[in-house]
Amino acid sequence: MKFSFTITIISCSAILNCTSLSAKAQDLSQVLAKGKWIDLSYDFSAQTLYWPNNPTGFKLDTVAEGVTTGGYYYSSYAFSAPEHGGTHLDAPVHFAAHGLSADKVPLEKLTGNAVVIDVSAKALKDRDYLISINDITDWEAKNEAIEENTIILFKTGYGQFYPDAEKYFGTAEKGTQAIPKLHFPGIDSTAAHWLVQHKIKAVGIDTPSIDYGQSKDFKTHQILLGASIPAFENIANLNLLPAKGAYIIALPMKIKNGSGGPLRIIASVKNA
């Protein structure tokens, strides 16, 4: 009888867990169905911005385009592009020797609830602004404590300048000589440590890099990617998201062994 009772308890527990998971899935499905989708990605074209020392950018070649001998229309193109440019993913292996590559980043790391921390009032006054722990805790004081496994998106206001390289990067020059002239906001390394300690799922920003333009050691990349926290860079339309309540789906091109790749990132928000 004792054995049978134990089995019954375990079975009931399993049923309750399954019911709970099913309810959560239904809740999410209903939220997404009733919400509005916002595209947080820039399109890829000849205007896509890449790090100044990239020898190439996005290229689209026509393979076929027009009416065929069979009388129907057909088009096909071939594209090439560096991994890191436009709206894209930084996979952990980008700055961590044994980190996950783009194809191995778990989908759970790329989807989830998000908050938007707006630092644009400060960042637009200082091109070299470093997002601090105070910026995060100030947001929490006005909203609520940020839960573990949350995606944090930082709004600097620089998205309004894309794809104007001069205003977005701080320089329109190309080549290695342009690197010292980069001026745009990023995340301070102390804030990066805070994000790791608070078990944040992923981080995004509306600038070319999670490290600020004048960074020499890319410490924020080292800290976050070293902790298997992926980064989303060159995010668009953060001005359309609320401070909290958005649900993010960020799906990069699945490049085998890639250090990153073009990213289609979208957000679901409640209809007003």
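The figures here come from the full heavy-atom set of this structure, side chains too, leaving out hydrogens, waters and symmetry mates. We number each residue from 1, following the sequence as shown. It should be emphasised that the depicted structure is a prediction, and the values quoted were computed from it without experimental measurement.
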What pairs of donor and acceptor atoms, side-chain ones from residues 235-244 against any protein atom, are under 3.5 angstrom apart with sequence neighbours left out?
residue: Asn237; atom: ND2; partner: Asp39; partner atom: O; Å: 2.7

Sidechain-backbone polar pair: Tyr50 side chain, Ala81 backbone, donor-acceptor under 3.5 Å: no
Side chain to side chain donor-acceptor pair (under 3.5 Å) involving Tyr77 - partner list, sequence neighbours excluded: Glu65
Residues in ring-ring contact (aromatic ring centres under 6.0 Å, His included) contact with Phe169, at least two apart in sequence or another chain: none
ILVMFWY network linking Ile205 to Ile265, side-chain heavy atoms under 4.5 angstrom: no
Where Lys122 and Asp135 come nearest, the two heavy atoms and their spacing: NZ-OD1, 2.8 Å
Check: Leu251 and Leu107 side chains under 4.5 Å, non-hydrogen atoms: yes
Lys256 side-chain N/O to Asp103 backbone N/O, donor-acceptor pair under 3.5 Å: no
For Tyr129, ring-ring contact (aromatic ring centres under 6.0 Å, His included) partners two or more places apart: none
For Ser132 against Ala191, the heavy-atom pair lying closest together: C-CB, 3.9 Å
Tyr158 OH to Thr207 OG1 distance, which is reported to the nearest 0.5 Å: 9.5 Å
Trp51 and Ser209, any side-chain heavy atoms less than 4.5 Å apart: yes
Full working for side chain to side chain contact (heavy atoms under 4.5 Å, CB included) between Gln160 and Leu124: CA-CA 11 Å; Gln160 65 184 295; Leu124 289 171; 3.8 Å; yes
Side chain to side chain contact (heavy atoms under 4.5 Å, CB included) involving Ala227 - partner list, sequence neighbours excluded: Val196, Ile229
Pairing residues for Asp206 by the side chain to side chain donor-acceptor pair (under 3.5 Å) criterion, not counting sequence neighbours: Thr156
Cluster check Val119, Ile136: I/L/V/M/F/W/Y, side chain < 4.5 angstrom: yes
Min side-chain heavy-atom separation Glu83-His94 under 4.5 Å: no
Side-chain donor or acceptor of Lys174 paired with backbone N/O of Ala172 under 3.5 Å: no
Gln222 versus Phe95, closest heavy-atom pair with distance: CG-CD2, 4.1 Å
pair Leu195-Leu224: side-chain heavy atoms closer than 4.5 Å: yes
With sequence neighbours excluded, residues passing ring-ring contact (aromatic ring centres under 6.0 Å, His included) with Tyr42: Tyr162
Reported CD1-to-CD1 distance for the pair Ile200 and Ile152, which is rounded to 0.5 angstrom: 3.5 Å
Same cluster (ILVMFWY, side-chain, under 4.5 Å), Val269 and Phe232: yes
Asn257: partners by side chain to side chain contact (heavy atoms under 4.5 Å, CB included), with sequence neighbours left out: Ser101, Lys104
With sequence neighbours excluded, residues passing side chain to side chain contact (heavy atoms under 4.5 Å, CB included) with Glu173: Thr171, Gln177, Ala178, Lys181
Closest heavy-atom pair and its distance - Gly57, Pro82: O-CD, 3.6 Å
Between OG1 on residue Thr48 and NE2 on residue His88, distance to nearest 0.5 Å: 12.0 Å
Nearest-0.5 Å distance that lies between atom CD in Gln197 and atom CD1 in Ile223: 10.0 Å
Single-linkage hydrophobic cluster Ile131~Ile146, side-chain heavy atoms < 4.5 angstrom: yes
Non-hydrogen atoms of Phe79 and Met253 that approach each other most closely: CZ-CE, 3.4 Å
Asp188-Thr190 side chain donor-acceptor pair, cut-off 3.5 Å: yes
For Trp194, ring-ring contact (aromatic ring centres under 6.0 Å, His included) partners two or more places apart: His198
Side chain to side chain, Val203 and Phe154, heavy atoms closer than 4.5 Å: yes
Heavy-atom side-chain contact between Tyr212 and Pro185 under 4.5 Å: no
Whether Arg264 side chain and Thr87 backbone form a donor-acceptor pair below 3.5 Å: no
Which atom of Lys219 lies closest to which atom of Ser215, heavy atoms considered: N-OG, 4.3 Å
Sidechain-backbone polar pair: Ser259 side chain, Val93 backbone, donor-acceptor under 3.5 Å: no
From Leu263 atom CG to Leu110 atom CG, the distance as rounded to the nearest 0.5 Å: 8.0 Å
Hydrophobic cluster identity match, Tyr168 and Phe184, side-chain contacts under 4.5 Å: yes
Between CD1 on residue Ile151 and CD1 on residue Ile249, distance to nearest 0.5 Å: 9.5 Å
Asn53 (side chain) donor-acceptor with Thr176 (main chain) under 3.5 angstrom: no
Residue list, side chain to side chain contact (heavy atoms under 4.5 Å, CB included) with Ser76, at least two apart or on another chain: Val63, Tyr74
Taking distance alone, no hydrogens or angles, what donor-acceptor pairs closer than 3.5 Å link side-chain atoms of residues 66-73 to residues at least two apart or in another chain?
residue: Thr68; atom: OG1; partner: Gly70; partner atom: N; Å: 3.1
residue: Thr68; atom: OG1; partner: Tyr72; partner atom: O; Å: 3.2

